[in-house]
Amino acid sequence: MTEVRVRFPPSPTGYLHIGGARTAILNWLFARKHNGKLILRIEDTDAERSTQDSIEGIIDGLTWLGIDWDEGPYFQTDFSQDHIAAANKLLDEGKAYKCFCTKEELQSKREAALAAKQDVKYDGTCRKLSPEEVAEKESLGIPYVIRFRVPDEDGVAGYDDKVLGRIERKYADIEDFVIVRSNGKPLYLLCNLVDDIRDRISHVIRGQDHLTNTTRQILLYEALGAEVPVFAHMPLTLDLKKAKISKRSHGEIVAVQFYRKSGFIPWALLNFLVLLGWSPGNDQEIFSREELIEAFTLERINKSNSIFNYRKDDPKFFTDPKAININAHYLRTMPIEEIGELVKKELQESDIWHDSYDGDKKEWYLKTLDMIRDRFHTLKDFTSLGRAYFTDDFDIEEKALQKNLLKHPGLKEWLPMLADRFEALDEFTKESAEQAARDFADEVGVKPGIPINACRAAITGLVKGPSMFDLFTHMGKEKVVARLRDAGKYFEN
Ligand code: GLU
């Protein structure tokens, strides 16, 4: 294979969508696998819809995901001259022509064709204009578009798609499409291809929504005498009702930024997105970077549409459960130092970070994360569910309050008493704390679980968590005693 050169060419008209991110990821994997180049090209030709914010958001999102590119960002608007030159070349060679038909004329012909159940393609009126007629119309200042002249002969625009196999479309089924608007601006279809030729793109990996563009672009490649790249079209991503996922109907869960804000680990999101449209051919779901690059092939991109399994009506699954599960997997198994760095940012954002966690309390900090991460799904859980480990200012879960504290009114007095017992212990160890708690339960005549679970609620605010006796020593006598004494507040009202 000659040098692999692929591109990610987003139109900067919004945030980085997870579908766009998936396209970028698959191109990136392919480039890395073949020691090729990934080119970032911003398709900003639509000046009205392109924004600087969007450009920054896209670059930021790619960087956060860990996708690096080798060339660019290039900006399509910097190459307008190339696009115009290509259109002029086609005109000069008679492979394109000026079309003076007005919108109204086109519209009424369309309606007539529809009514007669005929083909609604452009009827080629201006194809037949003589050079003199064209010159005359131009001298009268009649606006025109430039249309590509689809070859007259019988033939097909065809190519071998790496994913879908042979794709062909008869010339007769393709209308003379517009390549330059009446305001002189070349259309996306032409700009995109001229840029691909200039950037020596070897493989175009993009969504199936571009399939009809591709057959028309094949004609343009041929007309311009350029080599046709390899095409690989990825499936679309649909929701459970088979509708395309979009911001309008699904809200911000389609934006990469949402996952960042929701405490996703970048690689976990990347891992999830790859599986939305590609499969390794076995049931492996978790991949390291090296494994993914090794396993990735264009041929294993799925043909059929991928389902983004999101149930709006189930708040527990604030996005596709598979995404959450993959994130939880990384959260629970990544080296604890790496988790430590990620959680540090979360704690800093919540203003509950202490510099000692990077100093003399580092061991305690990492051990805390290790003790609690088994139940967590996102990095946000460390500052919500895990908050009590890092600050005294935490809320108690309603379930913990009702079930572990208020259900046994005696606890209002017992917890401060238990605090005294703990305080009096010379050595506050797992064993001595356990013994004291059990003796205490015996004396007041309840099962040991009652004061022990109440301690958990008062100390961590939660119903569940790591083993209570480990927790006692991990939190330390002083904190345990203080929180048990303070627990009286939960019984007020
Ligand atoms: N700017 C196009 C898009 O965002 C890129 C299409 C392509 O990959 O050729 O859909």
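Only a predicted model underlies this, so the values are computations on that prediction, with no experimental measurement involved.
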> Does any pair with a residue in residues 420-439 pass ring-ring contact (aromatic ring centres under 6.0 Å, His included), and if so which ones, sequence neighbours excluded?
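Passing the test, one end in residues 420-439: Phe422-Phe428, Phe422-Phe472.
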> Using a strict threshold of under 4.0 Å (side-chain N to carboxylate O), is an ion pair present between Glu71 and Arg7?
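Not counted as a salt bridge, because no side-chain N and carboxylate O are separated by less than 4.0 Å.
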> Does atom CZ (Arg49) have a neighbourhood of more than 12 heavy atoms from anything else shown, all under 6.0 Å?
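Check fails, neighbour count at 12 or below.
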> Thinking salt bridges, do Lys33 and Glu294 make one under a 4.0 Å N-O criterion?
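No, no charged N to carboxylate O under 4.0 Å.
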> Could I get the full list of side-chain contact (heavy atoms from CB on, under 4.5 Å) partners for Lys247, not counting sequence neighbours?
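Lys247 satisfies side-chain contact (heavy atoms from CB on, under 4.5 Å) with Tyr15, Val254 only.
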> On a heavy-atom basis, which atom in Glu423 and which in Val481 lie closest, and how many Å separate them?
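Scanning both residues completely, I find the closest heavy atoms to be N-CG2, 4.0 Å.
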> Show your reasoning for whether salt bridge (Lys or Arg N to Asp or Glu O under 4.0 Å) applies to Asp393 and Arg387.
CA-CA 8 Å; Asp393 174 23; Arg387 198 174 162 85; 3.7 Å; yes
> Could you list the donor-acceptor pairs under 3.5 angstrom formed by side chains in residues 266-286, with sequence neighbours left out?
residue	atom	partner	partner atom	Å
Trp267	NE1	Phe287	O	2.8
Trp267	NE1	Tyr330	OH	3.3
Asn271	OD1	Phe287	N	3.0
Asn271	OD1	Tyr330	OH	2.5
Asn271	ND2	Glu285	O	2.8
Trp278	NE1	Thr297	O	3.3
Ser279	OG	Gly281	N	3.1
Asn282	OD1	Gln284	N	2.9
Gln284	NE2	Ile286	O	2.9
Glu285	OE2	Lys322	NZ	3.1

> Evaluate the side-chain proximity of Phe264 to Trp64: yes if any heavy-atom separation is below 4.5 Å, no if none is.
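Contact flag for Trp64/Phe264 side chains = yes.
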> Thinking salt bridges, do Asp160 and Arg166 make one under a 4.0 Å N-O criterion?
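Answer for the salt bridge query: yes.
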> Which pairs would a plain distance check flag for residues 394-410, meaning a side-chain donor or acceptor within less than 3.5 Å of a matching protein atom at least two apart in sequence or in another chain?
residue	atom	partner	partner atom	Å
Glu397	OE1	Val463	N	2.9
Glu398	OE2	Gln402	NE2	2.7

> Taking only residues at least two apart or on different chains, which pairs with a member in residues 465-481 satisfy salt bridge (charged side-chain N to carboxylate O under 4.0 Å, His left out)?
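Of all non-adjacent pairs touching residues 465-481, those that pass salt bridge (charged side-chain N to carboxylate O under 4.0 Å, His left out) are Asp392-Lys479, Lys430-Asp470.
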> Below 6.0 angstrom between ring centroids: does that apply to Trp353 and Tyr365?
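Ring-ring flag for Trp353/Tyr365: true, centres closer than 6.0 Å.
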> Report the residues that fulfil side-chain contact (heavy atoms from CB on, under 4.5 Å) with Pro416, sequence neighbours left out, ordered by chain and then residue number.
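With neighbours one apart ignored, the set is empty.
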> Are Arg260 and Asp60 ion-paired here, with the side-chain N under 4.0 Å from a carboxylate O?
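Yes, Arg260 and Asp60 are salt-bridged.
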> Think Arg198 forms a cation-pi with Phe79, using NZ or CZ under 6.0 Å from the six-ring centre and within 45 degrees of its axis?
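Yes, a cation-pi geometry holds between Arg198 and Phe79.
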> Not counting sequence neighbours, which residues clear salt bridge (charged side-chain N to carboxylate O under 4.0 Å, His left out) with Arg248? List them please.
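With sequence neighbours excluded, Arg248 shows a salt bridge (charged side-chain N to carboxylate O under 4.0 Å, His left out) to no residue whatsoever.
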> Under the side-chain contact (heavy atoms from CB on, under 4.5 Å) rule, collect the residues that match up with Thr51, sequence neighbours excluded.
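Thr51 satisfies side-chain contact (heavy atoms from CB on, under 4.5 Å) with Asp53, Ser54 once adjacent residues are dropped.
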> For a 4.5 angstrom cut-off between non-hydrogen side-chain atoms, does Thr429 reach Ser432?
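A side-chain contact under 4.5 Å exists here.
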> Apply salt bridge (charged side-chain N to carboxylate O under 4.0 Å, His left out) to Arg421 and list each qualifying residue two or more places apart in sequence or on a separate chain.
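Arg421 satisfies salt bridge (charged side-chain N to carboxylate O under 4.0 Å, His left out) with Glu443 only.
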> Establish, yes or no, whether a centroid distance under 6.0 Å links the rings of Phe30 and His34.
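Judged by ring-centre distance (under 6.0 Å), Phe30 and His34 do meet the cut-off.
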> Got a salt bridge between Lys242 and Asp239, using NZ or NE/NH1/NH2 to carboxylate O under 4.0 Å?
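Salt bridge absent between Lys242 and Asp239.
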> Going by salt bridge (charged side-chain N to carboxylate O under 4.0 Å, His left out), name the residues that satisfy it together with Lys367, two or more places apart in sequence or in a different chain.
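For Lys367 there are no salt bridge (charged side-chain N to carboxylate O under 4.0 Å, His left out) partners, ignoring immediate neighbours.
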> Can you list, pair by pair, the side-chain donor-acceptor contacts under 3.5 Å of residues 335-350, counting residues two or more places apart and other chains?
residue	atom	partner	partner atom	Å
Lys344	NZ	Asp358	OD2	2.7
Glu346	OE1	Lys380	NZ	2.7
Ser350	OG	Glu346	O	3.3

> State, with a plain yes or no, whether a side-chain heavy atom of Ile205 is found less than 4.5 Å away from one of Val6.
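They are in side-chain contact.
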> Who pairs with Arg41 by salt bridge (charged side-chain N to carboxylate O under 4.0 Å, His left out), at least two apart in sequence or on another chain?
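Salt bridge (charged side-chain N to carboxylate O under 4.0 Å, His left out) check on Arg41 returns Glu43, Asp195, Asp196, Asp199.
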> Check the angle between the aromatic planes of His233 and Phe231 and answer parallel, tilted or perpendicular using the 30° and 60° thresholds.
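It falls in the parallel class, under 30°.
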